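For reference, the structure is listed below as structure tokens.
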Amino acid sequence: MEKIIKKKDKQFLWHPFTKINNQYDPVVIASAKNDILKDINGNEYVDLISSWWVNIHGHCKKEIIESIRKQSKKLEQVLFADFTHEPAVNLAEKIVDLMPKNLSRVFFSDNGSTAVEIAMKVAIQYWFNKGIQKKKFVSMTGGYHGDTFGAMSVGFSSGFYEPFKDFLMKSIHIPYPDYWEGKNDIEKEELFSLDRADEILSKNKNDIAAVIFEPLIQGAGGMKVCRKEFLEKLLKKFREAGVLIIFDEVMTGFGRTGKMFAADYLKTKPDIMCLAKSLTGGYIPLAATVFSKMIHDEFFGDDIKKTFLHGHSFTANPIACSAALTSIELFEKEQTLKKVEKISIIHHEYINKLKKINISKPRVLGSIAAFEFNGMDQKYGSSENQKLKNIFLENGLLLRPLGNTIYLMPPYCIKENTLSNCYEKIIEILT
């Protein structure tokens, strides 16, 4: 059976972020439970990256499965133009309850990229509706916001989009002052970034539609952390200049940083927030872009030119909304953020042990831990990177290093002894 599946896979499929060559040999996953993936031969792998950061409560969570089953028997899908339904209304209310107080309107879509595209389009049309033309965006160097064209434009400096550079909007980038344990010159780098922000605003303030950040930690750019004190100063500059602020919390949302959202660490709140990935607990695709009343009011009225003419066929899918509601309810029922605290403690414990071997730039934020493995090629997808990823798999660990950055982002259900044992294996492999 395994050979048949792999043969058909190579014949019919095209996988994301995967080299197409003769060495490609995918693992056939047959089932999963909690933090464990099981392949077709019975081999088990600890899912230390939550299946690309989406699965927060664990695989095959009975409560989410049951909510999907119940909803699918009542209403599986209906168009969301001129119609509404209870799961979408209840989920929007629940999201708004969790949001910073200034955010109150939810626009549903399918994934992180579409959530960002919606945020960018609304930012442009917000100014258009006010009779002002603004078409520039500001983002952080190394940031990643998705793979559609608007998202690529503000994430171009991440290095993934060279073939498309002539087709993207020109965005402006602020240097990212990444911080790790033991870095002593961070204030100097932060001051340089803040000065760059002042320069950008002095030259472009009247043309900037919005600034977009991954708050506190960049994901695909290498799990790079910045200090909240720096980000607070930066946000104030743009707020005082009247620039819209977008938080891309596609990765950081729903407990990843130790709080429900990274925005909860900051006094200055965004005007727009993008959510996806773990919104449904990792079970069904769903995204949300949440707006302030100030922005939404600019689209109110009878003039079709002021309407946001954008939508997706599966906008606010009832089954996905039901899964998301249950996932959010589990946070209170299972005291999920306390689980994140325990994971963070283990991260810190083993990061200290890892310092004794050939690693650098250790950082921990909530359920996320990352460090650089020195001496390995920093290029994304290098042969060394692929080799190390395969060695981890051979030892039952699902990890996908970003260049020479090794990171862990396990589901919150992981047992403390399981995570400790995984770290022991990592140390053994790296030494």
Side-chain angles (χ1 to χ4, degrees), residues 92-93 95-109 112-140 143 145-146 150-151 153-155 169 171-174 197 200-201 204-216 226 228 230-253 257 259-276 279 287-301 306-308 310:
E93 181 182 29
I95 289 172
V96 169
D97 285 345
L98 295 172
M99 289 280 104
K101 291 181 180 179
N102 65 311
L103 301 181
S104 61
R105 289 285 180 164
V106 180
F107 195 107
F108 287 116
S109 60
S113 290
T114 57
V116 169
E117 294 287 333
I118 289 164
M120 294 177 67
K121 287 180 69 175
V122 167
I124 291 171
Q125 190 174 343
Y126 166 80
W127 295 111
F128 176 86
N129 287 359
K130 290 170 72 71
I132 303 169
Q133 186 178 32
K134 294 192 178 189
K135 55 185 179 181
K136 292 183 180 179
F137 287 87
V138 177
S139 57
M140 300 297 288
H145 300 283
S153 295
V154 290
M169 297 183 294
S171 61
I172 306 167
H173 302 290
I174 299 171
I200 289 167
L201 286 169
N204 303 278
K205 183 175 74 170
N206 295 331
D207 296 321
I208 299 172
V211 59
I212 181 168
F213 301 127
E214 296 166 90
L216 296 183
C226 73
K228 63 181 180 181
F230 158 76
L231 190 54
E232 194 71 67
K233 292 176 183 176
L234 186 64
L235 292 170
K236 283 183 179 179
K237 290 180 182 293
F238 285 96
R239 175 58 46 80
E240 289 170 1
V243 174
L244 297 180
I245 297 172
I246 303 170
F247 275 11
D248 178 352
E249 293 231 25
V250 169
M251 185 270 279
T252 54
T257 64
K259 292 183 182 289
M260 200 63 174
F261 302 102
D264 295 338
Y265 285 96
L266 301 160
K267 292 179 182 178
T268 305
K269 305 301 183 183
D271 302 293
I272 306 171
M273 190 183 291
C274 305
L275 307 172
L279 174 55
T289 311
V290 192
F291 299 92
S292 67
K293 183 178 183 298
M294 174 191 76
I295 292 175
H296 182 263
D297 285 352
E298 285 298 328
F299 292 78
F300 187 81
K306 283 199 167 187
T307 302
F308 183 50
H310 180 106

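Fair warning: this is a prediction, and the values are worked out from it, not measured in the lab.
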Candidate pair Val116 and Ile212, rule side chain to side chain contact (heavy atoms under 4.5 Å, CB included), full reasoning: CA-CA 9 Å; Val116 169; Ile212 181 168; 3.9 Å; yes

Is there a side-chain contact between [X] and [Y], using heavy atoms and a 4.5 Å cut-off?
X: Leu201; Y: Val243; value: yes
X: Val122; Y: Leu244; value: no
X: Leu234; Y: Phe213; value: yes
X: Val211; Y: Lys237; value: no

How long is the span from the [atom1] atom in [X] to the [atom2] atom in [Y], to the nearest 0.5 Å?
X: Gln125; Y: Phe299; atom1: CD; atom2: CZ; value: 4.5 Å
X: Leu235; Y: Glu232; atom1: CG; atom2: CD; value: 6.0 Å
X: Phe128; Y: Lys306; atom1: CZ; atom2: NZ; value: 10.0 Å
X: Asp271; Y: Ile246; atom1: CG; atom2: CD1; value: 8.5 Å
X: Thr268; Y: Phe238; atom1: OG1; atom2: CZ; value: 12.5 Å
X: Leu231; Y: Leu216; atom1: CG; atom2: CG; value: 6.0 Å

Glu249-Thr252 side chain donor-acceptor pair, cut-off 3.5 Å: yes

Between Lys269 and Asn102: side-chain donor-acceptor atoms closer than 3.5 Å: no

Look only at the side chain of [X] and the backbone of [Y], and say whether a donor-acceptor pair between them is shorter than 3.5 Å.
X: Ser153; Y: Met169; value: yes
X: Asn129; Y: Glu298; value: yes
X: Thr289; Y: Cys274; value: no

Heavy-atom neighbours of Arg239 CZ exceed 12 at 6.0 Å: yes

Aromatic ring proximity Tyr126/Phe291, centre distance under 6.0 Å: no

Nearest atoms (heavy-atom pairs only) where [X] meets [Y]:
X: Gly150; Y: Glu117; value: N-OE2, 2.7 Å
X: Phe137; Y: Met120; value: CZ-O, 3.5 Å
X: Ile174; Y: Ala197; value: CD1-CB, 4.1 Å
X: Val290; Y: Ile95; value: CG2-CG2, 4.0 Å
X: Glu214; Y: Gly143; value: OE2-CA, 3.3 Å
X: Ile118; Y: Ser109; value: CD1-CB, 3.5 Å

